[in-house]
Structure formats: C-alpha cells, structure tokens
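The structure appears below as structure tokens.
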Amino acid sequence: MASERMSTPHSSSRQSSSLSSSPMSTRMQSLQVDSVQRWMEDLRYMTEVECMCVLQAKPIGVEEDSQQGELIVTSGVGAGDHVARNNLQTLLRRALVVSTELGKMFQRLEKGRWQRVHSTAVRANCHVRSLVHEYSTARSTPPEMQKVKYEKSLLEKCMELTNITERCLHTDDEFFLKSMREAIHEILTDVSDSFSNMIDMALANEIRVLIKQIESSDSVHTIGSAISNLLSLTQDGPQLCSIIAKEGAVVALFKICRQDRFRDLYAHALRTVASICCVEEGINQLDKVDGILCLADILTDDSSVEAARAEAAAVVAQITSPHHTSTQHLASFLESMHDIVTALIKLCETASCGEVFLLASAALANITFFDSMACEILLQLNAIHILLQACKDRQRVDTPYSKDQVVTILANLSVLEPCASEVLQEQGIERLLLLLGEKPSSPSPSEGAACERVQQKAAVTLARLSRDPDVAQTAIQLKAVPCLIELCRSPTERNNSDSVLVACLAALRRLAAGCPDSIEAADHQQLIKPRLVDSFLLCSNMEESFV
C-alpha cells in the first residue's frame, strides 16, 4: 500500500531461528513510564552476574506488604487493572535482555574471545532462569509449555552452554577450541530456537488472556484496555501479528464492531484489525467472519463517527495492498466494492483532517489497482473534481504521502478515455506540473521516497493523458516541456531518482511525438532521438560529467 502509515508499523519481525537479530527495541519504545521508574526497572534486569548467582537467579518479587515493591513490578499502575499489560512488559523486557546477550555470544564466539563468551553465557543463563521464574510466578505456565517441557529443556541447554564455555577457559589447544567453537555454536543456536519458541508460547498465552477479556467483558474500559494492549503488540512485526491472528483476535474485534453498545470502541478495534491484517492469517480471519461486509456497513452508515469510518478505510487499504500475495479475499470484496468506493470518495470529500483523507485515499488508490470497474465507478462519482479540489485544501492534503495517493488514483484513472476531458475541465494539468516539482520539507528518507513517487506518478499520468491532443497542447502551453527537461537533466530536481527520470523521459517523448516543434534541436538530439536506455544513461551520468 502506498500509505506511509500502513506500511511502517510492520516492517520488522523477530527471527525464529535466532534471537540474536531480534528487533525487540520497537517493543521497548511503546512502554511509556516515568524515567526514574524506568531506571529502577532496568536496574533489576541488568543486575551484576555475581549478585544474581548469590540470589540463585531469583528475581525481586512483589512484596505483599510493600507498596514500593508493587510499584516496581507494575510500572506505576494498579496490578489488578493491568495484569496482562504487566506480564507482557515483563516478558518483552526480559526477552530483550536475553536476546541481546545471545547476540553478543554469537559475535564473541566468532572472534574467539573465550573469557567474554563464558561471562556472557553465565549472564544469559541467569537472565533466562530469572525470566522463567518471574513469568511462572506472575502467570500459571501455559499447557503447551508444560507438555513439551520447553522450560526444563531450555534451562538444561543454558547450563550446558555455561559449562562447555568454562572448559574453553583452561586450554590453549587450538584444535580443541576449534571443535568446541562448532559445538558451542550448535548449542547456542538450539538455545536461541528454544527461547524463541518459549517466548512465542508465552506471548500466545498472554494474547489469549486479552482476547478473553474482549469476548467476555461488558466493560468498555476493560475491553478498550485489552484492545490497546493488542494494538501495542502488533507494532512488533509480522510474526507477532500472526500469533495474534491465529489466537482469534480478528474474530473477537469484529464482534465488538457489530454491537451498537460498543460504538465508541469501533475506531480503536478497527485500527487494531488493520495492524493485524499486515499478515495473511489476519486477512483470512477477516474473510471468514465476513469482515468486509462489516466494513461496508460502517463506511456507509451516516451515523458512524468519522474516526470509525477512517479506521474502516485503513482496514480496506491494508487488505487491498498490492504487497499481499494472496488475493482470495478480494472475491468477497468485489460484492461490496461499489458501496465501499462510494463511501471512500465521500470520506475524501468531507475529511476533517489530513490523516482521514490519507486513509480514505490510500484505500481508493489500492482498489484502483486490482479492478478497472473501480476506476469507472470513481469517474461516475466525480472523483477527479473531488481529488483535485482536495489538493487545494491544506487541511486535507498536507503531506507528500497524501499527494502520493491522489496522483496514484489519477494515474490509474488516466487509462480511461473520458478521464482526459475531465482533467482538462478541472485544470488538472496545472496540478500535475506542480506535483512534478514536489520536494521534501525534511531530511526524512520516507518523505523523500514519497516525493519521488509523487513525481514519478505525475509524469506517468501526464504521459498517459497526453494521448489526447487537447491535453498535449495544454501541457505544452503550460510549459510542461521545459519542466520535464529540467527534471531529466538535473538529478537534484528529481530527488536523484532513476524512476522519476524514466517517467519524465517517457512523458517528454509522448509530447514530442504530438508536437515535435516544442522541443529544441539540442534537447531532441539527446533526449528524444536516441533509444530510451541511451538517453537514460546520458542523464543519469550527467552529474558526474559536470564534476
């Protein structure tokens, strides 16, 4: 999906084969606590190995008679109200520490730093034992973990790792150390895999607790809190989203969205559904519970608040994303497509802010990719007028990401013949030329990439529309040719993008075919006459030739 919001939350995932590369830091960013509180918690988790050994790896538990002890464990909130959140925080914090230690071991093992390898193994052993003990105390061990005895197996492997690395401290025999390196690497990989599986099972258990709260509670506060925790977990990447989907979260969330008494939770629930549906399991669950029909009902219901309709649009944008390999769910989508497209273009027209417009337009942009009927529906609904008017409204179209959605829709509509006359009528050529000059307002890589997409698609749209002689003539009168030439010759003007260069060369050649007199001889010789690839190579190397 072209939408920046929809693509970023799920860009990383924890590797199942080895926790050494686990991006647990994303999880940590979502845990908002007081700075002193954070220091007190981190102090517990980073305890010196000697102290941990003296304490026999027993964690600092909750003191029943101590309010301060409870504060440390519960991150400053009531334990009774947020047990699931606290257990998840404990799990994720401990998992981050263990995965960091395992990662250090892999690196130090490769370098043969045996003293460091052993000390890291001791620390990892202590932290794993602490995690197992603390989590088992906070929550009864899940049946799956008892059945396969992951805890016992993991603890045994950690102890074996500690013992074998200690043996390597007392010898300089290179042959022995080489054979030990291979054995340690194998054990370390087993520890990583076992730890990953144990954490997945523990997380699944916590997720089941949250889903049970959603399904069994009548309290808006309790359900909202459980949904917030699920949403927080979805930010950790696709693997955790898969676990959430497999445990039935999508089904539970749509049950909420079908009950009028929970209307205030619709937006929150749908935002979580959109995050879960970054994985195929989430989309499959949505399809099984007729989620698309529910989305259509919310989008077309005039009594639905804008926030709920915007989040419904976010789900539509997610499930229609071109990045998904499976498209089986789109068959049921086609049945409601007319209603959904109508509701989305209306939402674009009435959006009160940039985020609402972004979500609605992103959904429309994705829909126009997979079915030409959607483009025909949009033309009938006066979409070109609505979208071009929105571009003049800074309250709705306020970022390159929103402009990316608009120009994507225009590019896909431009394959239809009636589109050209409507664009001319709405002075759309002027808008396309403005979009060709889109520049990032910050050094953000994502914003720079969005600007490149806007420029590229604006050039593609202009090229397609220029099949119409009236469009080509209007574009030439508005000095589109000098604009395109500058983009071809100046890498900085096109944000150093090769894709923008190719699109601009194609648009320039289309205009030159209809109006050859509009191109000067020197430009024609370099940009029009050669093969496209030769012109591309000339322009792409132009910056070097000036140095």
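Everything numeric in this text was worked out from a predicted model, so none of it was measured. Residue numbers start at 1 and run along the sequence shown. All heavy atoms count here, side chains included; hydrogens, waters and symmetry mates do not.
- Checking S321 against H323 by side-chain atom types alone, a donor-acceptor pair falls below 3.5 Å.
- When atom types are taken as modelled, the side chain of S361 and the backbone of L358 share a donor-acceptor pair closer than 3.5 angstrom.
- Shown here are the side-chain contact (heavy atoms from CB on, under 4.5 Å) partners of S216, two or more places apart in sequence or in another chain: K212.
- Two residues are said to be in side-chain contact when any heavy atoms from C-beta on lie closer than 4.5 Å; Q318 and H324 meet this criterion.
- Nearest heavy-atom pair, A313 versus L344, reported as atom, atom and distance to 0.1 Å: CB-CD2, 3.6 Å.
- Other residues, nucleotides and ligands contribute at most 12 non-hydrogen atoms within 6.0 Å of the CZ atom of R116.
- Between the side chains of T408 and K457, at least one donor-acceptor pair of N or O atoms lies under 3.5 Å.
- Residues F536 and D498 have side chains in contact (heavy-atom distance under 4.5 Å, counting atoms from C-beta outward).
- Side-chain contact of S446 with S444: a donor-acceptor pair under 3.5 Å is present, judged by distance alone.
- S225 places no side-chain N or O within donor-acceptor distance of the main-chain N or O of H221, the cut-off being under 3.5 Å.
- Side-chain N or O atoms of R181 include one that pairs as donor or acceptor with a backbone N or O of L109 at under 3.5 Å.
- Salt-bridge formation is not detected for the pair K288/E281: no Lys NZ or Arg NE/NH1/NH2 atom is positioned less than 4.0 Å from an Asp or Glu carboxylate oxygen.
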With side chain to side chain contact (heavy atoms under 4.5 Å, CB included) as the criterion, how do V98 and F195 come out once you've worked through the C-alpha distance, each side chain's angles and the decisive distance to 0.1 Å? CA-CA 9 Å; V98 173; F195 181 71; 3.5 Å; yes
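- Heavy atoms from other residues, nucleotides or ligands lying under 6.0 Å from CD of Q259 number more than 12.
- For E447 and S442, the side-chain atoms include at least one donor-acceptor pair closer than 3.5 Å.
- Salt bridge D297/R258: absent, no basic N to carboxylate O contact under 4.0 Å.
- Residues D200 and Q239 have side chains that bring a donor and an acceptor to within less than 3.5 angstrom of each other.
- Other residues, nucleotides and ligands contribute over 12 non-hydrogen atoms within 6.0 Å of the CG atom of N163.
- At a threshold of 4.5 Å between non-hydrogen side-chain atoms, the residues F254 and L295 count as touching.
- For E160, the side-chain contact (heavy atoms from CB on, under 4.5 Å) partners are I187, not counting sequence neighbours.
- Side chains of S228 and H268: a donor on one and an acceptor on the other come within 3.5 Å.
- Using a 3.5 Å distance cut-off with no hydrogens or angles, the side chains of N125 and R129 do pair a donor with an acceptor.
- Residues meeting the side-chain contact (heavy atoms from CB on, under 4.5 Å) test with A204, sequence neighbours left out: R208, I243, E247.
- Checking side-chain atoms of T368 against main-chain N and O of A365 turns up a donor-acceptor pair under 3.5 Å.
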